[in-house]
Amino acid sequence: MASRTMALFLCLFAASCVRGERVLHQAPPTPTPIVMWHGMGDNCCDPLTMGHLQGFIEAQLPGVYVYSVMVGDSPAADTMHGFLGDVNAQVEAACAAL
């Protein structure tokens, strides 16, 4: 019985080594794209808020695609829509942009 247990242990150990070896030789995964959407009073591109966060994410995850949602034709319009816009229309616009 002990020899069967030892054989099973060695098989499992060998399998885990082979499995670990495969993981070491795989290409690094492609980062998942990120969509950011600001809250009220901000806009998509402010270099002190969302723009800074986008740059930070891109620096931490090389090759990642980051899309910061802008509702309207400009950052100022984006801020205004955050307070006064119809959220349902904004969701539709964001989905269409994606």
Would you call Val64 and Thr32 a side-chain contact if the rule is heavy atoms closer than 4.5 Å?
no
Minimal heavy-atom distance between Gly72 and Ala77, with the atoms involved, is CA-CB, 4.2 Å
On a heavy-atom basis, which atom in Leu98 and which in Tyr67 lie closest, and how many Å separate them?
CD2-CD2, 3.5 Å
Gln90 side chain to His81 backbone, donor-acceptor under 3.5 Å:
yes
Report the residues that fulfil side chain to side chain donor-acceptor pair (under 3.5 Å) with [X], sequence neighbours left out, ordered by chain and then residue number.
{"X": "Asp86", "answer": "none"}
{"X": "Gln54", "answer": "Glu58"}
{"X": "His38", "answer": "Asp78"}
{"X": "Ser74", "answer": "none"}

Output for pair (Met70 CE, Met36 CE), nearest 0.5 Å, gives 13.0 Å
Taking transitive links into account, so neighbours of neighbours count too, which hydrophobic residues share a cluster with Leu84 at under 4.5 Å side-chain distance?
Met40, Met80, Phe83
Let's go through Trp37 and Val91 carefully: what are the C-alpha distance in whole Å and the side-chain angles of both, what is the deciding distance for side-chain contact (heavy atoms from CB on, under 4.5 Å) to 0.1 Å, and is it a yes or a no?
CA-CA 10 Å; Trp37 199 342; Val91 169; 4.1 Å; yes
Do Ile57 and Val35 belong together in a cluster built from hydrophobic side chains that touch within less than 4.5 Å?
no
Indicate if Val66 and Leu61 have the same hydrophobic cluster label, given that clusters are the connected sets of ILVMFWY residues with side-chain heavy-atom separations under 4.5 angstrom.
yes
What pairs of donor and acceptor atoms, side-chain ones from residues 43-53 against any protein atom, are under 3.5 angstrom apart with sequence neighbours left out?
{"from": "Asn43", "atom 1": "OD1", "to": "Cys45", "atom 2": "N", "distance (Å)": "2.8"}
{"from": "Asn43", "atom 1": "OD1", "to": "Asp46", "atom 2": "N", "distance (Å)": "2.9"}
{"from": "Asn43", "atom 1": "ND2", "to": "Thr79", "atom 2": "OG1", "distance (Å)": "3.4"}
{"from": "Asp46", "atom 1": "OD1", "to": "Leu48", "atom 2": "N", "distance (Å)": "2.8"}
{"from": "Thr49", "atom 1": "OG1", "to": "Asp42", "atom 2": "OD1", "distance (Å)": "2.7"}
{"from": "Thr49", "atom 1": "OG1", "to": "Asp42", "atom 2": "OD2", "distance (Å)": "3.0"}

